[in-house]
Amino acid sequence: MISVLVGIFIIIPLREIKPEYAVIASILLGVYLLLQVMPVVGDVLGFTSDLMSSNIGNHSFTILYKAVGASFLCQYISELCRDCGLESVASKTEMFGKVYLTSLCVPLIDKILDTINVF
């Protein structure tokens with residue numbers, strides 16, 4: 001977390017002097033944070049792949065992977081757009097993410113309804 005504070009203390013004054021460099025520094029800080037989170041994500045993916053091999057429902061976990069990845073990606077891109085001052089693009093990115101996540105949920109809802117109909 002100290003590296004994040006150092007990055008913030010570099011980016012804030014850089015916005016006043018050279019805004020274009022501040023955007024690049026912000027992107028680099030975001031990439032650095034993503035790389036720091038990767039070991040934790042690897043542990044979670046290992047756990048869920050163990051669950052997938054136990055025949056709980058491979059299709060459901062595939063949808064879960066896609067949904068989590070899409071939500072993180074849309075959030076990151078929308079925040080990046082806000083950092084660049086593109087508020088309208090950020091809101092459209094969030095809207096696209098919501099529509100995409102909704103479309104991913106349709107097979108799960110169908111599966112739940114089929115399970116309910118069995119009972």
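Count residues from 1 along the sequence. The shown structure was predicted, so the numbers you read here are calculated from the model rather than taken from an experiment.
- Checked by atom type and distance alone, the side chain of Ser26 never pairs as donor or acceptor with a backbone atom of Ala22 at under 3.5 Å.
- In Glu16, the CD atom is not crowded: 12 or fewer heavy atoms of neighbouring residues, nucleotides or ligands sit closer than 6.0 Å.
- What you find for Ile27 and Leu80 is that their closest heavy atoms are CG1-CD1, 3.3 Å.
- When all heavy atoms are compared, the tightest approach of Ala25 to Leu14 is CB-CD2, 4.2 Å.
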Quick one, Tyr76 with Val31, criterion side-chain contact (heavy atoms from CB on, under 4.5 Å). Give me CA distance, side-chain angles, the key distance, then yes/no. CA-CA 10 Å; Tyr76 182 74; Val31 169; 4.2 Å; yes
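- No option in Val106, Asp114, Leu108 other than Asp114 meets the side chain to side chain contact (heavy atoms under 4.5 Å, CB included) test with Asp110.
- Contact annotation: the side chain of Pro19 never approaches that of Val23 to less than 4.5 Å [non-hydrogen atoms, C-beta and beyond].
- Here the closest heavy-atom approach between residue Thr93 and residue Ile77 is recorded as CG2-CG2, 3.8 Å.
- With a 4.5 Å cut-off on side-chain heavy atoms, Asp83 and Arg15 count as touching.
- For the atom pair Leu5 CG and Ile10 CD1, the distance stands at 11.0 Å (nearest 0.5 Å).
- Under 4.0 Å is where a charged nitrogen must lie from a carboxylate oxygen, and between Glu87 and Lys92 no such pair does.
- What you find for Pro107 and Ile63 is that their closest heavy atoms are CB-CD1, 3.9 Å.
- Grouping the Ile, Leu, Val, Met, Phe, Trp and Tyr side chains by contacts below 4.5 angstrom, directly or via other members, places Leu35 apart from Ile8.
- Residues Gly97 and Cys74 approach most closely at CA-SG, 3.5 Å, considering heavy atoms.
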